Q: 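Could you have a look at this structure, given as structure tokens, before my questions?
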Amino acid sequence: MVSETTVMLSTRTQTKKIILHAEEDDNRPVFLSGNFNNWATQDARFKMQKTEEGVYEYAFPAGPEFEGELIYKFTKGDWSEVEIDQHGNRTPNRHWNDHKTVKVEKVAKWRKNWLPYRPSQLPQIHLISEEFEIPQLNKTRKIWALLPHDYDTSTEHYPVLYLQDAQNLFNENAEFGNWQIDKKLAVMSDYGIGKIIIIAVEHGESERVQEYNVGKTLLGKGQGKQYIRFITDTLKPFVDRTFRTKPDRDHTGIGGSSMGGLVSIFSGLMYPEVFGKLMIFSPSLWVIPKIKLGFLDFFEPMDTRIYLYAGGDESETMVDHVTKFRKRLIKRESLQGKMKVRLSINEHGKHNESYWSDEFPKAIEWLFFSEKPE
């Protein structure tokens, strides 16, 4: 007679274990991301246990969801920190579809902040003009276009993102460092999320704050409204005539950091028919802490995606201001269901280009190449 215990043992789901050997290792934890957790990259349930230097293990829980084919990758917590091969190239998804209970895997290297990149994938950096006229301010400005690496051999039309403070976006000699957007776009193109045109507008040096200051704020009266009109009425029509763009609002974004983030907020809110995507990093909301949103009720609400980032080590008020701003946007009755706002907080983030560089690929992916809600 077969005992009840024997029956239970024979029907119990067999568990699977992965043993990972990392040839190049560091202190970042390792996570499994796959078809069993909707490809989440920092899922605490699938964090691997480090057993010794360069060796990790993970035992899957017992359950029918782990009995079929497992498709997965190893990450250090984000797609920007994903596994790569020994030459720095992207690796294909891993598959486990046999009946063995233990699988041994190897990882040669890991990405760190999306790097390294392949030089052949770098965007084409095109100087539009040393002295592009800004009739709204009676000034001129240097403006750049970063085009996809294969722009000349393609017939594609591309989404466009207008970014402020071009001096700090890809210039290796920038005083405070740069966002490395050229290198980030090179890596992203390997993952199918970097085919975009960036229009980089240099700031006005000593006149930067005045140009990015919209209306009357704690900094006095600014020229932000005229600057925004330059982007919408003068620069964008030129770009759409000159390059193969997707000119509609669903494929047009604007962004920046600090005061550049603030003027980008107003650009999107004042001209929703132009900009459907906003990339806002560490905006200087302190200059207008009680930003009035009543004017939004006069516009026809449109579906808009806003990527909001703030660092916890920037100032005492940065995270608080950004969090409150998000709440006011999504709760405003006239905007119900129209504003999709993703809030990203780095508790250790400081107010500088290095942290904005980290955030750039994540923002690009969510704004232009993802259907995920906030």
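Only a predicted model underlies this, so the values are computations on that prediction, with no experimental measurement involved.
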Q: Could you go step by step and tell me if Asp85 and Thr91 meet the side chain to side chain donor-acceptor pair (under 3.5 Å) rule?
A: CA-CA 6 Å; Asp85 70 17; Thr91 58; over 6 Å; no

Q: Would you kindly say whether Ser315 and His351 are connected by a side-chain donor-acceptor distance under 3.5 Å?
A: no

Q: Under the side-chain contact (heavy atoms from CB on, under 4.5 Å) criterion, do Glu207 and Leu137 qualify, and how do the steps go?
A: CA-CA 11 Å; Glu207 297 172 335; Leu137 293 171; over 6 Å; no

Q: Is the shortest distance from a Lys or Arg side-chain nitrogen in Asp150 or Lys195 to a carboxylate oxygen in the other one below 4.0 Å?
A: yes

Q: Using the salt bridge (Lys or Arg N to Asp or Glu O under 4.0 Å) definition, which of the options Lys106, Lys73, Arg94, Arg28 pairs with Glu83?
A: Arg94

Q: To the nearest 0.5 Å, what is the distance between CD on Gln223 and NZ on Lys139?
A: 4.5 Å

Q: We want to know whether Tyr117 and Gln180 form a side-chain donor-acceptor pair, criterion being a heavy-atom distance below 3.5 angstrom.
A: no

Q: How long is the span from the CD atom in Glu211 to the CE atom in Met259, to the nearest 0.5 Å?
A: 10.5 Å

Q: Check the surroundings of atom NZ in Lys324: do more than 12 heavy atoms from other residues, nucleotides or ligands lie under 6.0 Å from it?
A: no

Q: Is a side-chain donor-acceptor pair under 3.5 Å present for Asp25 with Tyr56?
A: yes

Q: Under the 3.5 angstrom rule, does the side chain of Asn37 hit a backbone N or O of Ala40 as a donor-acceptor pair?
A: yes

Q: Less than 3.5 Å apart, any donor N or O on the side chain of Gln164 or His203 sitting next to an acceptor on the other?
A: no

Q: Cut-off 3.5 Å, side chains only: do Trp96 and Asp98 have a donor facing an acceptor?
A: yes

Q: Show your reasoning for whether side-chain contact (heavy atoms from CB on, under 4.5 Å) applies to Tyr309 and Tyr355.
A: CA-CA 10 Å; Tyr309 164 78; Tyr355 288 94; 3.7 Å; yes

Q: Can a cation-pi geometry be assigned to Arg244 and Tyr151, taking NZ or CZ under 6.0 Å from the six-membered ring centre and within 45° of the ring axis?
A: yes

Q: With sequence neighbours left out, write down each residue that passes ring-ring contact (aromatic ring centres under 6.0 Å, His included) with Tyr162, or none if nothing qualifies.
A: none

Q: Hey, does the side chain of Arg249 reach the backbone of Pro272 with a donor-acceptor pair shorter than 3.5 angstrom?
A: yes

Q: Is Glu81 salt-bridged to Arg111, going by a charged N under 4.0 Å from an acidic O?
A: no

Q: Count the heavy atoms belonging to other residues, nucleotides or ligands that lie under 6.0 Å from CD of Glu156, then report whether that count exceeds 12.
A: yes

Q: More than 12 heavy atoms of other residues, nucleotides or ligands under 6.0 Å from NZ of Lys225: yes or no?
A: no

Q: Hey, can you tell me if Phe36 and Phe46 have their rings parallel, tilted or perpendicular (30° and 60° cut-offs)?
A: tilted

Q: Side chains of Lys362 and Ser80: donor-acceptor distance under 3.5 Å anywhere?
A: no

Q: When you check the side-chain N and O atoms of Glu202 and Trp144, is any donor under 3.5 Å from an acceptor?
A: yes

Q: Taking the basic N atoms (NZ, or NE/NH1/NH2) and the acidic carboxylate oxygens, is any pair closer than 4.0 Å for Lys112 and Glu24?
A: no

Q: Quick one: pull up OG1 in Thr252 and CD1 in Ile197 and give me the separation to the nearest 0.5 Å.
A: 10.5 Å

Q: More than 12 heavy atoms of other residues, nucleotides or ligands under 6.0 Å from CD of Glu57: yes or no?
A: yes

Q: Is it the case that atom CD in Glu316 sees more than 12 heavy atoms from other parts of the structure closer than 6.0 Å?
A: no

